[in-house]
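Because the structure is predicted, anything quoted here is derived from the model rather than measured. Counting convention: from 1, in listed order, for ligands and their atoms alike.
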Amino acid sequence: MHEFRSVDDLLTHLLALSEMPSVECDRFTELNHGLQTAALLREEHPDDLELQVAGLLHDVAHPWDGPGQPRHATMGADAVRGLLGVRVANLIQAHVPAKRYLVATRPEYFALLSDDSVMTLAAQGGPMDAVEVAEFETDPDHMAMVALRIADDGAKVVGAKVTGLEFWVPIIQSVAAIHA
Ligand SMILES: [Fe+2]
């Protein structure tokens, strides 16, 4: 299991992601996709630093997973839990279930999905059934999970100008400090 031991350890990984094309689109990097996600969440939820950081980091496990990325959400959550806490980990873990939830509950959502996200949906379990939807909604943080997923889907803009990683370093440090 990959696990970040320190903020520096995490930043080293993020710098590697700045050299790596996104698994979804080779016209932006993995880091750029995370930065776009974080920026969208900062606009919508300016006071929720943990949600913003989870958005930045939701796909950190892409380089560790295989074709179709079946385990990247869980691997990413496991990697950050010790450093950034349970909530950031849970938000990262939920970005795949949140897609399954949104497809089941918002008919207009499916059209927003990238081709890649549509392709992986079946392997991820397809739309949630009614029991799964009800269970998902019992999580008191499920609206933040949905917000992260919607930002994720909107964060695939080629050539997007985004705030750089240096802006996020003190924010990551402040979230880590809470859990130190
Ligand atoms: Fe993503």
Side-chain angles (χ1 to χ4, degrees), residues 2 4 10 13-45 48-81 84 87-103 106 109-128 136 141-165 167-168 171-172 175:
H2 293 264
F4 298 117
L10 170 59
H13 182 74
L14 292 177
L15 287 175
L17 295 186
S18 74
E19 308 281 324
M20 216 172 274
S22 157
V23 297
E24 295 207 20
C25 173
D26 59 12
R27 298 184 65 201
F28 49 81
T29 66
E30 286 290 1
L31 180 63
N32 183 270
H33 170 61
L35 290 170
Q36 287 192 53
T37 307
L40 289 170
L41 288 165
R42 191 164 180 83
E43 278 172 29
E44 299 286 328
H45 302 273
D48 194 343
L49 300 183
E50 288 184 332
L51 176 58
Q52 296 161 27
V53 168
L56 174 66
L57 303 178
H58 74 281
D59 281 336
V60 282
H62 269 174
W64 307 328
D65 202 356
Q69 295 286 324
R71 296 183 305 135
H72 79 284
T74 301
M75 294 169 94
D78 288 344
V80 307
R81 190 174 292 108
L84 301 174
R87 180 165 183 252
V88 173
N90 286 349
L91 288 167
I92 290 174
Q93 170 97 54
H95 82 276
V96 170
K99 175 170 85 169
R100 299 183 54 232
Y101 171 79
L102 281 163
V103 171
R106 300 193 194 175
Y109 172 75
F110 189 79
L112 301 176
L113 288 177
S114 63
D115 293 347
D116 187 85
S117 288
V118 171
M119 256 163 36
T120 51
L121 177 63
Q124 291 162 344
M128 284 184 174
F136 185 81
D141 214 18
H142 77 277
M143 289 310 295
M145 293 166 176
V146 165
L148 193 158
R149 182 66 217 192
I150 289 171
D152 178 9
D153 294 310
K156 300 176 184 181
V157 178
V158 175
K161 287 234 184 325
V162 285
T163 308
L165 182 58
F167 172 83
W168 293 100
I171 296 176
I172 295 169
V175 172

Main-chain N/O of H62 paired to Q69 side chain as donor or acceptor, under 3.5 Å: yes
Closer than 4.0 angstrom, basic N to acidic O: yes or no for K156 and D115? no
Please enumerate all residues that pass side chain to side chain donor-acceptor pair (under 3.5 Å) together with T163, with sequence neighbours excluded. none
Is there an N/O/S atom in H33 at a distance below 2.8 Å from the Fe ion (ligand 1)? yes
Atom nearest to the Fe ion (ligand 1) - D59, N, O or S atoms considered: OD2
Please name the atom of D152, limited to N, O or S, that comes nearest to the Fe ion (ligand 1). OD1
Mind checking what makes salt bridge (charged side-chain N to carboxylate O under 4.0 Å, His left out) contact with E30, not counting sequence neighbours? none
